[in-house]
Structure formats: structure tokens, C-alpha cells
2 protein chains.
Amino acid sequence: MPNDHDILFKTLSDPTRRGIFERLCREGEQTVAALTAGAGVSQPAVSKHLGLLKQASLVRDRRQGRETHYRAELAALTPLVDWATQLPGFWRNRFDDLEDLLKRMDQ
Amino acid sequence: MPNDHDILFKTLSDPTRRGIFERLCREGEQTVAALTAGAGVSQPAVSKHLGLLKQASLVRDRRQGRETHYRAELAALTPLVDWATQLPGFWRNRFDDLEDLLKRMDQ
DNA sequence: CAGAGGCATAACCATTCGGTTATGTGACGA
DNA sequence: TCGTCACATAACCGAATGGTTATGCCTCTG
């Protein structure tokens, strides 16, 4: 019984797939052809990755004629960030970093 | 050439392994035997997971006699949270959530 | 010093995964 | 209407992954 986090982490764990997602984040909505150019893999591979990203709710698709436009769904990342930041001790560590930074700035 | 994020995401993408890490976060330092009890897999499997977690700098080990104590290294999660929060649009989405929340509280 | 405890490693196996090429399907243009 | 374009799906393949059992290596203890 894979939960939310499983799917999220698994989906993002592949570099090619994460690359596609990042590109959608940075450059906005894209067609499959546009994404394939620069993905470094074949079009069917890109389609499969998009299918998995969609299954993880990380992207949404919009069909328009014979093109399919994909866009990133950043809301899906929330559980990931929450998972990390809610682990006891995460912010402690970050505050230590901040303290170090302030100390260095003080010198 | 796998980068920081690759290793992090890949390491955290397995539920068993992430479970071990979470437990180290919540319950603090543990021996391998303690972790094996409740991991749902054999001791060698746990050892292998710990090896990968260590390789990702997510845990540190401390040998003491014939026991090996592992503890979580939360600092290693920083790149993951930074990756997500630095994607353009991530905070926008969160602010929308906040807005919704405030609206609901207002009623 | 012998035996047992705690852990890591080796060797192996089934499954999953990410990629490919080939093909199907619906929409567009001549 | 026919050929082409954009994309999805099918079928397949090698490599990686996560698990197992067996075993080795220290370390503690009687």
C-alpha cells in the first residue's frame, strides 16, 4: 500500500523525469515534442515519464487538437516539503546554520 | 554523473529505507538490532539500507564494541527542501493556501 | 580460549525500471 | 480523402533494485 510520500519520492527519484518536471516549472506549459527536444531520450520515453508525473499529480495535461500541453502542478510538492520540515530536528539544524551565518557576518 | 539531488531522492524513494530514517529522526540513535526489530525485513537488509543512507549522508554511524549505533543527519535534507522551495511558483502556491485558510477563518 | 552475539558482506534471485523500436489513433492540411 | 503530424501504447530488453540465506569478522563473556 504505497502512500502519498512513496509515490512522490519514487516519481522524483529519476533524474530524467525530474528534469522534465523542473523544465515545466521554469519554462511553463510545454508540448510533448518541446519536452522531448532536450530531454535526451526518445518521445515514447518522455510520454511515459509524463504519465508517471501525472499519476503523482505533479503535472496536468491539456489536449488541444493533436497536441498535448503539460504544465507543472507545484501544489503536489507540498507533502514532500512538509515531510522534511516536520521531522523533529529539521529546523533546529537550520537555525544552527543561521547562527553560523550571523556569526560570520559579525566578524 | 549523479548529483546531490539524485542520490537524495533515490535514497529516500524506498519506503523501508525512509522508514528507518524516520525512526532515527523520531527516536534518536539506534543500534542495528533495534532498527531491525520493527523494520519488517531481515538484519542484512537493514544493514544494506543503512549503508545507502550513510552514503547519502543521511545517517552517521558510531561503533561501540560490537554494536554500531546510527543516528539521523538532518542537515542532509537541506538540499531537498531547497530544491522544492526554490522552484519558481512554489511559494506562490503556498500563499494561495494561506489565503484560502484566512478566508475560511474569516467566515 | 571457546562460544555466542552483533553486524557487515557475499552470493543469489525475482521484480521493477527506464530505455528502445514498432505500431495504433485521432486531428490537421493539401 | 489521403497522407502526415503529435502523441500514446505495446512489446520487449538489459540493468538496477530490494529482498533472501549463508557466511565472515570482531568483540564480549564464561
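Throughout, a chain's letter reflects where its sequence line sits, starting with A, and its residues are numbered from 1.
Using a 4.0 Å cut-off between a side-chain N of Lys or Arg and a carboxylate O of Asp or Glu, A:D6 and B:R18 qualify as a salt bridge. Between B:E29 and B:R62 there is a salt bridge, since at least one side-chain N of the basic residue sits less than 4.0 Å from a carboxylate O of the acidic one.
Summarising the geometry, the separation between CZ on A:R62 and P on D:dA6 is reported as 16 Å, rounded to the nearest angstrom. To the nearest angstrom, P of D:dA8 lies 8 Å from NZ of A:K54. The separation between B:L53 atom CG and D:dT17 atom P is 14 Å, rounded to whole Å. Atom C1' of nucleotide C:dA8 and atom CG of B:D61 are separated by 11 Å, given to the nearest angstrom. Across the protein-nucleic acid pair, A:D6 atom CG and D:dT17 atom C1' stand 15 Å apart, rounded to whole Å. Separating the NE2 atom of B:H69 from the C1' atom of C:dG6 is a distance of 10 Å, rounded to the nearest angstrom.
The shortest distance between the side-chain N/O atoms of B:Y70 and the OP1/OP2 oxygens of C:dG6 is not below 4.0 Å.
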Are any protein N/O atoms closer than 3.5 Å to N/O atoms in nucleotides 16-23 of chain C? If there are, list each pair with its distance.
{"unit_1": "C:dG18", "atom_1": "OP1", "unit_2": "A:R17", "atom_2": "NH2", "d": "3.1"}
{"unit_1": "C:dG18", "atom_1": "OP2", "unit_2": "A:R17", "atom_2": "NH1", "d": "3.4"}
{"unit_1": "C:dG19", "atom_1": "OP1", "unit_2": "A:T16", "atom_2": "OG1", "d": "3.0"}
{"unit_1": "C:dG19", "atom_1": "OP2", "unit_2": "A:H49", "atom_2": "NE2", "d": "2.2"}
{"unit_1": "C:dG19", "atom_1": "N7", "unit_2": "A:K48", "atom_2": "NZ", "d": "3.0"}
{"unit_1": "C:dG19", "atom_1": "O6", "unit_2": "A:K48", "atom_2": "NZ", "d": "2.6"}
{"unit_1": "C:dT20", "atom_1": "OP2", "unit_2": "A:S42", "atom_2": "N", "d": "2.9"}
{"unit_1": "C:dT20", "atom_1": "OP2", "unit_2": "A:S42", "atom_2": "OG", "d": "2.6"}

Original post:
Yes or no on side chain to side chain contact (heavy atoms under 4.5 Å, CB included) for B:K10 and A:S13, after CA distance, side-chain angles and deciding distance?
Top reply: CA-CA 5 Å; B:K10 266 236 175 307; A:S13 69; 4.0 Å; yes
**OP:** For the pair A:L12 and A:R17, evaluate side chain to side chain contact (heavy atoms under 4.5 Å, CB included) and give the outcome as yes or no after the intermediate values.
**Re:** CA-CA 7 Å; A:L12 292 172; A:R17 194 156 49 230; over 6 Å; no
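Across every non-hydrogen atom of B:F21 and B:L58, the tightest pair is CE1-O, 3.2 Å.
Under the 4.5 Å side-chain criterion, counting only non-hydrogen atoms from C-beta, B:L35 is in contact with B:L24.
Exactly one of A:L87, A:V81, A:L80 qualifies for a side chain to side chain contact (heavy atoms under 4.5 Å, CB included) with A:W83. That residue is A:L87.
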**OP:** Quick one, give me the B/S/- string for nucleotides 24-29 of chain C, reading 5' to 3', where B means a protein heavy atom under 4.0 Å from the base and S means that only happens at the primed atoms, P, OP1 or OP2.
**Re:** ---BB-
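Ring geometry, B:F9 versus A:F9: the interplanar angle falls from 30° to 60°, so the pair is classed tilted.
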